[in-house]
Student: 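I'd like to ask you about the structure that follows.
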Amino acid sequence: MQDFSRRSVLAGMVAAPLVAASAERSSAQTAGPRWTPQQTQAALKDAKGTKLVLLGTAAGPVPGRSREMTSHVMLSNGAAYVVDCGMGVTNQYARTGIPFDALKSIFITHHHADHNIEYGPLLIVGWIQGVKNGVSAFGPPQLKQMTDDLMRAYKQTVDFWAEDFHMTPLTSVKVQEISAAGPVTQDDNVKVSAILVEHPPVKPALAYRFDFKDRSIAFSGDTAPLDAVAKMAKGADVLVHEIMYVPAVEQYIKGQIAKGRPVKFEAFMAHMKADHTPSEDVGRIAQEAGVKTLVLSHLTPAIDSITDDTWREPVAKYFKGEIIVGKDLMVV
Ligand SMILES: [Zn+2]
Ligand SMILES: [Zn+2]
């Protein structure tokens with residue numbers, strides 16, 4: 001199992017060969033990996049009630065792709081709630097037009113770089129742009145230590161700016177670590193709960209559910225197929241679920257093996273399936289949960305040659321509700 005590294009696997013995904021296309025059937029409306037900031041801002045301007053913006057929809061810590069690493073923001077009653085901080089979260093947040101002083105809480109699903117690497121920059125650059133002391137952060141241990149260490153590392157930087165522009169330094173990020181299933185937090189807008197998911201060797205890895213007054217939105221985080229996710233998302237309006245398109249992953253690894261990489265095909269696929277959810281299972285879980293809308297995100301592999309229809313078809317065999325193939329900056 002250890003004869004390959006996760007790093008080289010994920011890096012290799014970028015160069016994966018083109019997957020058989022069925023592009024002629026994808027609609028113009030959903031083509032392409034991202035919305036423009038103008039589209040996003042227009043959709044938020046006209047929005048009534050709670051909205052979800054997919055900031056980054058790609059799996060894995062791979063820079064330079066047309067999709068950013070995983071992050072989301074929900075906007076409800078003027079307050080913003082970020083879920084995950086993959087690289088790109090700060091720029092993408094800015095592109096939504098949501099003011100930084102609206103940022104109320106940050107939730108991290110698990111400590112993989114594609115979910116947490118820009119947590120610190122979001123706080124520091126966000127503070128310069130208006131994030132307030134008292135912003136909250138939730139996530140698995142050691143989020144507290146991580147936050148303290150980041151604040152220490154950037155103290156001088158923050159202090160220079162604070163002195164220069166007569167700003168109150170960013171000193172108080174309220175961190176709450178989560179290592180068990182149950183209620184997480186509650187405010188005037190939302191009740192948040194979490195469950196533990198299967199993403200070895202990462203422990204704990206979390207899925208979250210947000211019950212706003214007008215809408216409920218659940219996030220699978222990174223996980224192998226799990227009944228507990230269906231249970232958590234039961235009756236939700238929106239389920240954002242990670243998805244792995246197995247044929248493209250198989251094609252990629254077969255290509256690597258043909259080039260002489262010392263990897264066993266079965267062992268590699270077993271590893272991927274122990275950590276991530278194949279398309280068909282995403283459909284089954286969403287159907288079991290009975291959600292209205294399923295958003296496919298954290299796309300594995302995040303390569304543009306896989307069409308929306310290719311992502312959608314195996315899911316639609318099992319899920320009869322609305323299926324949205326996630327795009328960066330898309331408003332749901
Ligand atoms: Zn991930
Ligand atoms: Zn992960």
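Just so you know, ligand 1 is whichever comes first in the structure, and atom 1 is the first atom listed for that ligand.
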Student: For the CE atom of M69 and the NE2 atom of H115, what is their distance to the nearest 0.5 Å?
Tutor: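 One finds 10.0 Å between CE of M69 and NE2 of H115.
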Student: Looking only at N, O or S atoms, which one in D222 sits nearest to the Zn ion (ligand 1)?
Tutor: OD2
Student: Compute whether any side-chain donor of one residue and acceptor of the other, for T70 and D114, lie under 3.5 angstrom apart.
Tutor: no
Student: So which N/O/S atom does D114 have closest to the Zn ion (ligand 1)?
Tutor: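 Atom name returned: OD2.
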Student: State which residues pass ring-ring contact (aromatic ring centres under 6.0 Å, His included) with Y81; sequence neighbours excluded, sorted by chain then number.
Tutor: F212
Student: Take the Zn ion (ligand 2) as the vertex and measure to ND1 of H112 and NE2 of H110; round to 10°.
Tutor: 100°
Student: Is the shortest side-chain N to carboxylate O distance from D211 to R209 below 4.0 Å?
Tutor: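 Salt bridge: yes.
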